[in-house]
**Student:** 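So that we are looking at the same thing, I have put the structure below in structure tokens.
We use all heavy atoms of the structure for the numbers below, so side chains are in, but hydrogens, waters and symmetry mates are not.
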Number of protein chains: 2
Amino acid sequence: MINRDKISDKTIGRLSQYRRFLNLLHENKVKNVFSYQIANSAGVTSPQVRRDVMLLGYNGNPAKGYNVEALMECLAHYLDTPGGEGVVLVGFGNLGRALISYFSKQRPNLSIVAVFDNDPALIGRVIHGVRCCSMEDFASVAQQNNVRVGILAVPADQAQLTADLMVAAGINGILNFALTTLQVPPHVYVERVDITTSVEKVVFFARKIRQERTLP
Amino acid sequence: MINRDKISDKTIGRLSQYRRFLNLLHENKVKNVFSYQIANSAGVTSPQVRRDVMLLGYNGNPAKGYNVEALMECLAHYLDTPGGEGVVLVGFGNLGRALISYFSKQRPNLSIVAVFDNDPALIGRVIHGVRCCSMEDFASVAQQNNVRVGILAVPADQAQLTADLMVAAGINGILNFALTTLQVPPHVYVERVDITTSVEKVVFFARKIRQERTLP
DNA sequence: ATGTTATTGTGAAAAAAATAACAGCGTTAA
DNA sequence: TTAACGCTGTTATTTTTTTCACAATAACAT
């Protein structure tokens, strides 16, 4: 029996990464893989991979490593929602469009059910087969499709309002690209992608490396 | 003297977030702020904030809290490159354009020096005052402008090649949006923004919350 | 059969991060 | 002037996460 209780944020992130590599292997008809190979592809250590895999309850083979298909299946069973998960996207700007094309290349388990924007000029436009709807239809579309996860790609000043709409429509997982910390009830999980912070981190550590290479 | 040595990735991320809130306060003419207010804005705890601020070497006042301007200055001194940092962006697709508009609203300390793409149809196009250049000019532009940080917003199959070009041109900090783990020399810092993984995390934890609310 | 090899699975140790706890101290108000 | 208040600065504690280390083991060659 898998214990899904005490699993951390970080572990899920890594499992998701491992899966991408496994997909690649599977496409190339590779049958087995060692922990250090997975580790290498994800930029982590091999004990880390073994430990993460242990959580899944999957057992590898000391001589052949992990069976690619079996491990993929195990990961899918662990990470994916049975029957697939529908996601809504709010914001049909450049970022929204970029996200749509990310998803169009995705596995079928995750699909964008609908895209919304409050700019009348954008409503009705189609990209990658997805049509932009008016925000007025948000609650009804989300509820009819039983959507639980929303992606927020709107300007910061509309983010909280949009998040409130999402929560009211029954969504309890939000991926937030807006440069704001959202206030949401405790039963809503928010993952934030903060591009400004990411850039500042890169700038800082890149500079730090340069300084360390120059001085000592 | 500030000790920049043993600072972690996560701390820098938080400092960057604090700064955004401080900016907001400053615009609103707020003079002082308490640790718990900063904590609240960034979704962390107040001891965490005090601890992070401690690293900067800045001291607050037990009765008034932190002086907004002084703390901002301290953060700038710590995080920013004196004279500003120029950044190059590769990839003029939807994501690239979204990033350009993110930056156009940014503080002047970070600026996009140039944007590149290898699609001839895009070269010469201008967005937010930034013109798209050919990849052929990459090395010369990057070196002439002394650029150290690059943003990678190209499809996965071109990511490694582009990263190699960046490294060859003297860049030692990369923000990678492509769905690949880059292989770079140890003196190059890579920060990855993995949208697929982020979505899968949200899906997982949203589902977990639903299950925990239904069952017990 | 059996020895060899390279890997897994996992408890134990170490490291890192977050949290708690509280002494010390400006400020304010009496 | 002084007492009360509520916050900061910092040390200690706890929790979480990662790494280490090695016994157990399946496959393969001999």
**Student:** Please round to 10 degrees the angle between the axis of the first five pairs and the axis of the last five pairs in the helix from dA1(C)-dT30(D) to dA30(C)-dT1(D).
**Tutor:** 10°
**Student:** Could you tell me the separation between the CG atom of Asn59(B) and the P atom of dT10(D), rounded to a whole number of Å?
**Tutor:** 6 Å
**Student:** Ring centroid separation for Tyr78(A) and Tyr58(A), is it under 6.0 angstrom?
**Tutor:** no
**Student:** Map Lys64(A) and Ala63(B) onto DNA chain C by nearest heavy atom, then report which one ends up closer to the 5' terminus.
**Tutor:** Lys64(A)
**Student:** Ignoring hydrogens and angles, answer whether the base of dT11(D) and the side-chain atoms of Arg51(B) contain a donor-acceptor pair closer than 3.5 Å.
**Tutor:** yes
**Student:** Please report, rounded to the nearest Å, how far the P atom of dT17(D) is from the CG atom of Leu15(A).
**Tutor:** 13 Å
**Student:** So what does Ser8(B) hit on the nucleic acid, given a heavy-atom distance under 4.0 Å: a base, only sugar-phosphate, or nothing?
**Tutor:** sugar-phosphate
**Student:** Using a strict threshold of under 4.0 Å (side-chain N to carboxylate O), is an ion pair present between Glu85(B) and Arg210(A)?
**Tutor:** yes
**Student:** Heavy atoms from C-beta onward define the side chain here; which of dA27(D), dT19(C), dT10(C) lies closest to that of Gln48(B)?
**Tutor:** dT19(C)
**Student:** Using side chain to side chain contact (heavy atoms under 4.5 Å, CB included) as the criterion, list what pairs up with Asn32(A), not counting sequence neighbours.
**Tutor:** Lys64(A), Asn67(A)
**Student:** How long is the line joining CG of Asn32(A) and P of dT7(C), in whole Å?
**Tutor:** 13 Å
**Student:** At 4.0 Å (heavy atoms only), tell me whether Ser35(A) reaches a base, stays on the sugar-phosphate, or touches nothing.
**Tutor:** sugar-phosphate
